Amino acid sequence: MTEPIRVRFAPSPTGFLHVGGVRTAMFDWLFARHNGGTFILRIEDTDITRKVEGAVEYLMEGLKWLGLDWDEGPDMGGDYGPYYQSQRLDLYKQAAERLVEQGDAYCCYCASERLDAMRKEQVARKQPPGYDRLCRNLSLQERAAKEAAGIKPVVRFKVPTEGQTSFHDIIYGDVVFENSNIDDFVMLKSDGYPTYHLANVVDDHAMKISHVIRGEEWISSVPRHLFIYKALGYQPPLYVHHPLLVGPDRAKLSKRHGDVSLLEYRDQGYLPETMFNFIALIGWSLDDKTELMTRRQLIDTFSLERIGKTGAIFNREKLDWMNGVYIRSLAIDDLTQRALPFLDKGLPESVKRPLNAGYVKQVMPLIQERAKKLTEIPELVKFFFIEELNYDPALLIAKNMTREATLKALEVSLQRMKQLSSFDEGALETLLRPLAEELGLKAGQLFSVLRTAVTGETATPPLFQTMVVLGKDRCLKRIDEAIAELKKLSS
RNA sequence: GGCGCAUUCGUCUAGCGGCCUAGGACGCGUCCCUCUCAAGGACGAGAUCACGGGUUCGAAUCCCGUAUGCGCUACCA
């Protein structure tokens with residue numbers, strides 16, 4: 001390998017970073033990092049009608065969240081800048097002019113209304129739609145007349161009408177196209193902005209991009225790019241097209257499928273480690289069984305050749321499982337820090353802020369293996385924080401128990417627990433287990449009654465651990481309240 | 001319509017001519033553990049490898065055709 005490896009992620013700033021784009025960026029990044037190459041961020045803002053304010057910042061925020069750092073880009077510069085295409089207009093203009101002078105391109109004055117009508121007719125006649133090359137051989141006089149009329153032209157490439165164009169794709173292999181199926185495409189728009197075809201060729205060459213990694217949707221455009229490379233006398237890069245991420249209907253993933261924005265996943269409580277691992281594994285695999293991989297392992301083992309060829313559906317259930325795995329692997333301090341913002345947002349307003357991080361840290365071990373997403377944590381730990389429990393007292397009565405038996409269980413438990421000198425797990429266990437027997441109950445029945453009394457929930461972390469974190473006073477108070485509520489309940 | 005690409009359990013995938021009566025994971029079911037919920041463990045159901053022809057002693061793996069799906073077919077990327 002003589003040429004240094006340089007790859008680029010080139011999104012257009014149209015609003016948000018979706019997981020499909022992220023996957024492309026990850027393949028770029030992993031490939032660059034694996035080979036000690038350079039990862040470049042380039043903003044393809046050549047469509048002024050689709051530009052969205054703040055989109056670039058949003059994009060960068062998403063990449064940073066995943067840990068995809070770039071070596072050259074709009075915010076940090078580099079030797080091949082600027083990295084906004086809108087700031088490179090002269091380059092495209094010069095290239096277009098040169099191609100026109102060479103006779104490889106020409107100005108086209110056709111009105112878009114005419115082109116639309118033409119296409120409609122072609123489709124109606126079941127002809128392949130494409131530009132009819134009306135302006136390809138305009139005489140000097142005709143051109144002058146159009147210019148005089150003030151028509152702003154576009155520049156079209158003069159595509160050869162016969163022959164074939166082929167290229168080798170690292171993932172898809174050899175692909176061949178008939179030139180006769182390709183029309184004279186627009187390179188430079190009438191507003192002076194380039195189309196993707198021109199801009200990507202000019203920039204990839206100027207930025208010395210070695211491998212173009214992008215979605216399969218671009219395969220059909222490669223011949224156009226090759227024509228430009230050839231006409232300009234440039235060496236084309238290596239092509240790596242990867243299959244698309246698709247929705248449940250198997251169509252290319254897009255906004256209408258919902259839940260496609262990377263940062264939404266962050267807000268829904270997924271960890272960046274999860275997203276990184278999971279997205280890398282859609283369409284790429286190391287072998288027949290490795291699934292859980294750290295960023296380091298991914299970098300070390302990544303190769304373009306192991307990217308598959310078929311579009312993949314984003315499997316939410318598996319994502320949830322994987323996120324659970326990562327949550328469980330977190331150190332308690334780490335989990336605490338990550339959970340805090342979600343608790344702040346998700347706990348009832350009645351809970352005093354700021355939250356006590358020390359206390360949060362005490363409850364985290366109890367729910368760590370029960371949360372699949374950070375957003376689920378507030379609901380899981382709510383009873384540790386609120387003052388007034390609010391539940392249906394009928395829930396206190398455990399399976400195969402009467403109201404009276406429940407009442408008695410609560411009252412006796414309260415008395416005995418009051419006498420406990422040390423309120424720890426062991427003490428509770430040695431008190432409560434024999435007590436169940438004494439009351440003629442199964443341990444599960446007693447625990448179930450107490451669980452509801454103390455938490456207001458029927459599914460919680462282990463009872464004794466929960467009680468310890470809650471503290472003796474609060475437990476006794478809640479049992480007392482439960483007794484009162486149960487008494488009010490008519491049997 | 002034209003051109004291009006793809007096609008292995010519901011989903012993500014392994015497989016690059018014999019190791020495949022097709023392996024793993026998620027999800028699902030049963031059981032174990034167990035104070036509930038999880039987590040964990042065990043077991044199981046689930047794919048005639050889209051279909052039809054070849055090639056070969058032998059094909060999920062190679063070739064051809066068909067079907068289906070997706071992509072492109074803009075002065076969008």
Side-chain angles (χ1 to χ4, degrees), chain A residues 10-12 14 44-47 49-50 108 110 112 115-116 119 122-131 152-156 169 171-173 175-178 180-183 185-191 193-197 199-200 214-223 241 243-244 246 248-252 278 281-292 308-322 324-325 328 366-372 380 398 429 432-433 436 442-452 455 457-464:
Chain A
S12 53
T14 54
E44 309 232 326
D45 54 348
T46 57
D47 185 354
T49 63
R50 298 208 307 168
C108 167
C110 294
S112 49
L115 297 174
D116 288 343
R119 263 190 294 271
Q122 287 166 332
V123 172
R125 279 189 295 150
K126 300 200 170 180
Q127 301 277 311
Y131 181 56
K152 286 240 186 268
V154 300
V155 177
R156 288 182 185 273
D169 188 276
I171 293 171
Y172 286 98
V175 187
V176 187
F177 294 86
E178 291 291 334
S180 57
N181 289 323
I182 303 165
D183 74 346
F185 59 92
V186 174
M187 296 190 308
L188 203 63
K189 308 178 208 175
S190 53
D191 62 3
Y193 278 72
T195 61
Y196 175 82
H197 304 306
N200 101 87
R214 80 227 309 188
E216 185 199 335
E217 53 198 333
W218 290 109
I219 287 185
S220 326
S221 305
V222 175
H241 291 89
L244 266 15
V246 300
D249 59 355
R250 293 227 157 257
K252 176 162 82 168
F278 189 74
L281 243 40
I282 307 177
W284 180 87
S285 61
L286 173 62
D287 54 30
D288 58 342
K289 43 197 55 148
T290 311
E291 303 227 82
L292 267 3
K309 292 182 183 173
T310 57
I313 296 173
F314 194 88
N315 184 346
R316 279 297 281 261
E317 283 163 342
K318 190 160 182 174
L319 208 220
D320 284 352
W321 160 76
M322 191 177 278
V325 171
R328 271 173 258 138
L366 305 194
I367 55 86
Q368 184 164 29
E369 66 187 30
R370 293 170 174 74
K372 282 199 156 70
L380 251 20
E429 177 113 32
L432 265 12
R433 245 179 231 285
K442 286 184 177 164
Q445 289 177 305
L446 209 218
F447 297 168
S448 165
V449 171
L450 291 171
R451 164 176 291 109
T452 308
T455 67
E457 307 282 340
T458 53
T460 74
L463 221 213
F464 308 138

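What you are looking at is a predicted structure, and each value in this text was computed from that prediction instead of being measured.
The gap from the C1' atom of C20(B) to that of C9(B) amounts to 15 Å, rounded to the nearest Å. When the P atom is used for both A59(B) and U21(B), the distance is 11 Å, rounded to whole Å. A gap of 40 Å separates the C1' atoms of C12(B) and C75(B), to the nearest Å. Comparing the same atom, P, in A14(B) and in U7(B) gives a spacing of 10 Å after rounding to whole Å. Taking atom C1' on both nucleotides, G40(B) is separated from U34(B) by 11 Å, rounded to a whole Å. The C1' atoms of C19(B) and A60(B) are separated by 15 Å, rounded to the nearest whole Å. On the P atoms, A22(B) is 14 Å away from G44(B), given to the nearest whole Å. The gap from the C1' atom of G18(B) to that of C26(B) amounts to 32 Å, rounded to the nearest Å.
Residue Ser285(A) places at least one side-chain N or O closer than 4.0 Å to OP1 or OP2 of A14(B).
Atoms CG (Asp288(A)) and P (C16(B)) sit 10 Å apart, rounded to a whole Å. Rounded to whole Å, atom C1' of U36(B) lies 11 Å from atom CZ of Phe447(A). In this structure, CG of Asp287(A) is placed 8 Å from C1' of A14(B), rounded to the nearest angstrom. If you take CG of Asp320(A) and P of U11(B), they are 18 Å apart, rounded to a whole angstrom. The CG-P distance, from Leu450(A) to U36(B), rounds to 14 Å in whole Å. Residue Leu366(A) contributes atom CG, which lies 14 Å from atom C1' of U36(B) at whole-angstrom precision. If you measure from atom CG of Leu446(A) to atom P of U36(B), you get 13 Å, rounded to the nearest angstrom.
C70(B): Watson-Crick or G-U partner is G4(B), with both key distances under 3.5 Å.
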If you restrict it to nitrogen or oxygen atoms, what contacts under 3.5 Å exist between nucleotides 40-49 of chain B and the protein, and what is each distance?
{"residue": "G40(B)", "atom": "OP1", "partner": "Arg328(A)", "partner atom": "NH1", "Å": "3.2"}

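Each of Leu286(A) and Lys289(A) was assigned the nucleotide of RNA chain B with the nearest heavy atom; the assignment lying further toward the 5' end belongs to Leu286(A).
You'll find that the side chain of Lys309(A) is closest to A6(B), out of A6(B), C35(B), A14(B).
Side-chain contact check for Thr14(A) and Arg50(A): no donor-acceptor pair (N or O, by modelled atom type) lies under 3.5 Å.
Rounded to the nearest 0.5 angstrom, Arg156(A) CZ and Thr195(A) OG1 are separated by 10.5 Å.
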Item to complete: Scan nucleotides 67-77 of chain B nucleotide by nucleotide, 5' to 3', and note B when protein non-hydrogen atoms come under 4.0 Å of the base, S if they reach only the sugar-phosphate, - if neither.
Response: ---SBSSSBBB
